[in-house]
Amino acid sequence: MARSEEAAAWTYAVYNAVREVPYGKVTSYGHIARLLGKPECPRQVGVSLKALISATAQPDAHYNSSNVPWQRVINSKGAISPRGVNGARQQAAAIEAEGVQVTRGSLGEYLIDFTSYGWFPDRLPSDLSEDDEDDNDEE
DNA sequence: TCTTTGACGACTG
DNA sequence: CCAGTCGCCAAAG
């Protein structure tokens, strides 16, 4: 498959995986990458989420900022990635709205306690269903 | 067309 | 604990 198609497939896979993060829970870019079988590409997860279309621009898009819980993905340090004061603040507000406690670091970072809110399953719930077949080959 | 820059993260010194 | 390196690769300059 062509590179562009692979890129698109990866992006959709990221969106689908993020959709499985439960309400009120958070996970990391790296964990999403690991769940998708590409542990070396946490950065590409960020690239995909960055490309997520805003719900305001396209309310009916199959994937947009309102039907993909992008706010539940933070970095491995348990902090909302800086990227721009506005963006981080916006994400903090969105995740707090789900009841997740967000604290401020000494440098103004938004921190979330993985012990209380982390979601790090070994496999995606949607993949577990395929697992009840007797023989299947993983990816 | 080539170079830089990131919503990252594991590893090294 | 902090800083630098590397893998990855789509966008932006």
Side-chain angles (χ1 to χ4, degrees):
Chain A
M1 107 166 92
R3 267 198 302 282
S4 59
E5 295 175 45
E6 276 187 83
W10 163 261
T11 295
Y12 296 141
V14 168
Y15 295 158
N16 287 326
V18 172
R19 279 179 169 169
E20 300 195 42
V21 180
Y23 180 95
K25 293 287 181 180
V26 296
T27 191
S28 69
Y29 299 93
H31 193 71
I32 293 294
R34 197 172 76 81
L35 290 175
L36 296 179
K38 296 247 178 191
E40 305 301 318
C41 304
R43 195 161 204 155
Q44 301 317 113
V45 172
V47 169
S48 295
L49 289 184
K50 179 177 54 183
L52 187 61
I53 189 73
S54 79
T56 309
Q58 291 183 32
D60 303 318
H62 194 86
Y63 295 105
N64 65 30
S65 62
S66 75
N67 58 37
V68 176
W70 56 277
Q71 69 275 23
R72 295 176 199 155
V73 185
I74 64 179
N75 65 34
S76 67
K77 303 190 206 70
I80 292 177
S81 294
R83 80 205 196 244
V85 195
N86 307 325
R89 197 181 66 191
Q90 189 179 158
Q91 181 170 1
I95 197 62
E96 277 186 316
E98 300 191 355
V100 173
Q101 181 175 41
V102 178
T103 58
R104 305 305 294 281
S106 55
L107 303 176
E109 330 114 62
Y110 294 91
L111 303 172
I112 294 173
D113 179 20
F114 279 144
T115 307
S116 306
Y117 306 103
W119 184 78
F120 300 98
D122 291 337
R123 324 184 45 167
L124 286 171
S126 59
D127 284 343
L128 293 177
S129 56
E130 306 173 15
D131 212 20
D132 53 61
E133 302 296 328
D134 42 358
D135 86 7
N136 63 3
D137 54 296
E138 9 267 59
E139 175 23 51

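As a basis for the values below, the full set of heavy atoms in this structure was taken, side chains included, without hydrogen atoms, waters or symmetry mates. So that the names make sense, note that chain A is the first sequence line, chain B the second, and so on, each numbered from 1.
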Which nucleotide in dA7(B), dG9(B), dG6(B) has an atom nearest any side-chain atom of W70(A)
dA7(B)

For E96(A), does the CD atom have more than 12 heavy-atom neighbours from other residues, nucleotides or ligands under 6.0 Å away?
yes

Ignoring the backbone of Q44(A), work out which of dA10(C), dC8(B), dA7(B) is nearest its side chain.
dA10(C)

Taking atom P in both dT5(C) and dT4(B), compute the distance separating them and give it to the nearest angstrom.
14 Å

d(CD1, I32(A); P, dG9(B)) in whole Å
11 Å

Nucleotide of dG9(B), dA10(C), dA7(B) approaching K50(A) most closely (side-chain heavy atoms)
dA7(B)

Side-chain N or O of S48(A) versus OP1/OP2 of dA10(C): is the shortest distance under 4.0 Å?
no

If the P atom of dT5(B) is compared with that of dG4(C), how far apart are they to the nearest Å?
14 Å

Without decimals, in angstroms, what is the distance between R83(A) CZ and dA11(C) C1'?
17 Å

Does the pair S126(A) and E20(A) meet the rule for a side chain to side chain donor-acceptor pair (under 3.5 Å), with working shown?
CA-CA 8 Å; S126(A) 59; E20(A) 300 195 42; 2.6 Å; yes

What one should report as the nearest heavy-atom pair of W70(A) and V18(A) is N-CG1, 4.1 Å

From the list dG7(C), dA7(B), dA10(C), which nucleotide is the closest neighbour of the side chain of R43(A)?
dG7(C)

Could you check how far CH2 of W10(A) sits from C1' of dA11(C), rounded to whole Å?
17 Å

How long is the line joining NZ of K77(A) and P of dC11(B), in whole Å?
15 Å

Tell me if the CZ atom of R83(A) is crowded by more than 12 foreign heavy atoms within 6.0 Å.
yes

Under 4.0 Å between a side-chain N or O of S76(A) and OP1 or OP2 of dC8(B)?
no

When I74(A) and V47(A) are each assigned the nearest nucleotide of DNA chain B, the 5'-most assignment goes to V47(A)

Charged N to carboxylate O under 4.0 angstrom, K25(A) versus E98(A)?
no

Nearest-angstrom distance from the residue atom NE2 of H31(A) to C1' of dG9(B):
14 Å

Whole angstrom is fine here: how far is it from CG in L52(A) over to C1' in dG6(B)?
17 Å

Roughly, in whole Å, what's the span from CG in L49(A) to P in dC8(C)?
20 Å

Interatomic distance, Y29(A) OH vs dA10(B) C1' [rounded to whole Å]
17 Å

